[in-house]
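So the structure is just underneath, and the comments pick up after that.
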Amino acid sequence: MSLEEFRAETRAWLEANCPDSMRTPISGEGDICWGGRDWKFKSEDQRLWLERMVSKGWTVPAWPTEYGGGGLSKDEAFVLKEEMKRIGARSPLDSFGIWMLGPALLKFGTHEQKLEHLPPIARGEIRWCQGYSEPGAGSDLASLRTKGVLDGDHYTVNGQKVWTSYADKSDWIFALVRTEPDAPKHEGISFLLIDMAQDGVSTKPIKLISGKSPFCETFFDDAKALVKNRVGDAGQGWTIAKYLLSHERASIVSEGAFGGLNPITAAKASGEMDEDGKLADPILRGEVAKLTIDGLAFEATMRRVKEEADHGEGVGARASALKYLGTELNKRRHELNMSALGSDGLLWEGDAESDGDPARNWLRARANSIEGGTSEIQLNIVAKRVLELPGG
Amino acid sequence: MTFILNDEEQMLRDSAKSFLKQTSPVSALRKLRDDKDPVGYSASVWSSMAEMGWCGVLVEEDHGGVDLGYTAAGLLLQEMGRTLCASPFLPTAVLSASALRLAGSDAQKSAWLPKIASGEAVIAFAVDEKARHNPERIDTKAIKDGNGFRLSGEKRFVSCAMGADAFIVAARTEDGRINLFLVDADAAGVERTARRTLDSHVPADIRFDDVKLDGDALLNGAEDSETAYRHVLDAGRACLAAESLGVAEEAFDLTVDYIKEREQFGQPIGSFQGLQHRAAHLYSEMELARTLVMKALRALDETPSQAPLWCAAAKAKATEVSRLAGSEGIQMYGGVGMTDEYDIGLYYKRAQAAGEFLGDDSWGAGQVARLSGY
Ligand SMILES: Cc1cc2nc3c(=O)[nH]c(=O)nc-3n(C[C@H](O)[C@H](O)[C@H](O)COP(=O)(O)OP(=O)(O)OC[C@H]3O[C@@H](n4cnc5c(N)ncnc54)[C@H](O)[C@@H]3O)c2cc1C
């Protein structure tokens, strides 16, 4: 099938199958479909949309069909994305399984591991969370201390993780665990997949400035992780973690770039446009225009870097520059949203479920330049790996 | 569109790089400056550019050009930015060639385009009349007079005008519209005054005092001359943005090299995180400028209806980033960055001048807001 035929077919299928209510912009994290054993759909349409997309494998369009994907080529997957964007279709399913664990398993997992873990991710049946950070290991992640001791067919895991997003709603956790205590810092870590439905794993939510509690502390007390659920060799965890981080960065960034409230829609909503359709405050208009320029530049840069990577120049450490740019840009967007909304933006709660979203999203965006490696860490990486500046 | 250069484009860029390095390094600009060169560019470098086909980069083959398009023109200017090469390339080979091509009659094209392509004619492009760029603020008047016109008004800081054989002048006709006129530099009533600018270029103020023009001075080959005029300016902006990008890239490379070598506290200053973060931030911003410049050039070649937005965005971002590269460069060099002996200051100065010409970052942002409908 030619790409144009694929486009026509895809367009027709989406037209026929994407429910109307799934073609409206999401107003906040509440509208996202995360899946998982305990998932409660927000609406019948949300359920139907997921079910239909799962049947095509299009929750993960580029994964192989045998692992629940759509088996699409890069170009086809791009066309699908474009066609979804064209009608404003929501993503049917978002999850750490899709963004992070999936790509890592596809690259480092065995066939058995892929067969066991990928299809449930694709179908939205199992929800994953990421257990990297610890109280003493944030930016300096490789200093982590959660310990795993080999005991026959499993590891016994003890320790604490922190900032584990959605741990209280997740079914499984992919965790970095020190299994080789005598090896050098970066070489003693293993990448373990741990079922959270066991007594040895418990979570405790942390409340954020946005008023929400998507984060947890996660505790392992003699938790069991089967050896067959170790991805890669013992001690190879750091390599996998780094690979996965690059996907995490890409997803944080693309989340920042597209969709959502922008200062112009915000100013329209708050009645801050002139009769002639200009943003009333000229200074704010100027700042928004500079944001528009950087936004256009950023989106096009993502495409450029992707194209260059496909031509064999590789993305490498430039991904850090993109993560830095994209997250700082997203923070700016939210700041300008708040300016444009004026006092409307100060609303924290009200009758509608979406009341307070702009403020909470603004606060949530502050984390973009912390999660997945802080802006300072990204700049360190650019300085050392791209510019090859000296020093430790 | 693709962001990847094709083989032809890559070859052009590589040959431009080596030619400019040899023939027009930064020391050539210093010499023009120190000799107080009356026109501000080297005629011999200009004729070499013509021999290589650069001057006809936007001229159709029928008129002696090579017709490679705006992406190619931009690549050349980007390399000129890297060595701070001063030449009439932008006013003549980009702005005037585009204006003639879009708005010239067949006779005007046959008369002038071959001369542009061969390097025989330098044509300056005269737009602005006030300190800040504004292509709609045109008070120069062309009043109908028999078959011809009488031209009166003043233009400021017109690039390469001291060495020009002719000018293309934006003037308002009696119907209130902006039209373009070809004016001989030696015509009676034309008076030029050289202005020496901080980047060691020599633009000129031009006074037109009731200058008598023939009817065929009007570029009236286009159905809508104002649209042609705006398109030419967009093309100029994208190409100038490419020069600014080249300025930024070279300033950045010089700076990164310097901080790897200079030592303080017993170590290279590039090992200090304060400087590393400045450099990495600048690198990231340059990625954005690089994308927009390419996007604008390709839009001119492939999807002209999208060009206004991308050209304004590219001009704004390249202006901002080249100025940042210069100022951050000076900061990272420390005291020597303030000396005339080091080149970094020359890059900063060119960034400022190229940034102002055809609209700086504030101007570009205003256009982007307007074109985006807010
Ligand atoms: C919304 C959100 C979601 C997250 N989700 C998860 C998750 O699901 N799973 C998970 O494992 N983790 C998660 N994290 C944790 C995240 O990865 C860490 O917060 C992050 O790596 C920073 O570590 P830290 O908080 O300990 O800060 P620290 O490392 O203590 O940093 C504090 C400050 O010091 C700076 N700093 C540190 N080292 C350097 C240096 N070498 N040079 C310059 N400056 C430096 C930092 O930039 C920062 O400004 C999440 C965080 C957030 C905010």
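Numbers restart at 1 for each chain; the letters A, B, ... are given by sequence-line order, proteins then strands. Worth knowing before you read on, the calculation uses all heavy atoms, side chains too, and leaves out hydrogens, waters and symmetry mates.
- Taking each heavy atom of Leu389(A) and Gly270(B) in turn, the nearest pair found is CB-O, 3.6 Å.
- With a 6.0 Å radius and a threshold of 12 heavy atoms from other residues, nucleotides or ligands, Asp7(B) has its CG atom at or below the threshold.
- Considering all non-hydrogen atoms of both residues, Ile293(A) and Ala316(B) come closest at CD1-CB, 3.6 Å.
- No part of Ile269(B) comes within reach of chain A, as not one of its non-hydrogen atoms sits under 4.5 angstrom from that chain.
- Heavy-atom neighbours of Lys185(A) NZ from other residues, nucleotides or ligands within 6.0 Å: above the threshold of 12.
- Contact tally against chain B (heavy-atom pairs below 4.5 Å) for Ala267(A), Ala300(A), Pro282(A): the top residue is Ala300(A).
- Within the 3.5 Å criterion, the main-chain N or O of Ala369(B) finds no donor-acceptor partner in the side chain of Arg285(A).
- The shortest side-chain heavy-atom distance between Tyr374(B) and Lys268(A) does not fall under the 4.5 Å cut-off.
- Here Leu325(A) is the residue among Leu325(A), Asp274(A), Val382(A), Thr292(A) with the most heavy-atom pairs under 4.5 Å with chain B.
- Under 4.0 Å is where a charged nitrogen must lie from a carboxylate oxygen, and between Glu287(B) and Arg304(A) at least one such pair does.
- The contact between Phe252(B) and chain A is made entirely by side chain atoms (from C-beta outward), counting heavy-atom distances below 4.5 Å.
- Looking at Gln367(B), neither its backbone nor its side chain comes within 4.5 Å of chain A, counting heavy atoms on both sides.
- The contact between Leu288(B) and chain A is made by backbone and side chain atoms together, counting heavy-atom distances below 4.5 Å.
- Only the side chain of Tyr283(B) comes within less than 4.5 Å of a heavy atom in chain A; its backbone stays farther off.
- Comparing Arg290(B), Gln267(B), Lys295(B) by heavy-atom pairs within less than 4.5 Å of chain A, the highest count is held by Arg290(B).
- Ala383(A) and Ala280(B) get closest at one heavy-atom pair: N-CB, 4.2 Å.
- Counted within 6.0 Å of CH2 on Trp363(B), heavy atoms from surrounding residues, nucleotides or ligands total more than 12; the atom is thus considered enclosed.
- Interface residue Leu387(A): backbone and side-chain heavy atoms are both found under 4.5 Å from chain B.
- Environment of CZ in Arg385(A): sparse, with no more than 12 heavy atoms of neighbouring residues, nucleotides or ligands closer than 6.0 Å.
- Note: Asp294(A) leads Ile381(A), Asp276(A), Asp294(A), Leu279(A) in heavy-atom pairs under 4.5 Å with chain B.
- There is a side-chain donor-acceptor pair under 3.5 Å between Asn380(A) and Gln273(B).
- In this structure, the side chains of Leu379(A) and Gln276(B) stay at 4.5 Å or more apart for every pair of heavy atoms.
- The minimum heavy-atom distance between Ala365(B) and Ala289(A), with the atom names listed, is O-CB, 3.2 Å.
- Contacts of Glu376(A) with chain B are made by both backbone and side-chain atoms, with heavy-atom separations under 4.5 Å.
- Leu296(A) touches chain B through backbone and side chain together, each having a heavy atom under 4.5 Å away.
- In this structure, chain B has heavy atoms under 4.5 Å from both the backbone and the side chain of Glu388(A).
- More than 12 non-hydrogen atoms from other residues, nucleotides or ligands lie less than 6.0 angstrom from CD of Glu136(B).
- Contact check for Thr291(B) versus Met302(A): no side-chain heavy atoms found under the 4.5 Å cut-off.
- Proximity to chain B is limited to the side chain of Val386(A), based on heavy atoms less than 4.5 angstrom apart.
- Surrounding CZ of Phe78(A) are at most 12 heavy atoms belonging to other residues, nucleotides or ligands under 6.0 Å away.
- The distance from the CD atom of Glu308(A) to the CD1 atom of Ile4(B) is 5.0 Å, given to the nearest 0.5 Å.
- In this structure the side chain of Phe3(B) never reaches within 4.5 angstrom of the side chain of Lys306(A), judged on heavy atoms.
- Contact count versus chain B (heavy atoms, under 4.5 Å) is highest, among Gln378(A), Arg318(A), Glu287(A), Met273(A), for Arg318(A).
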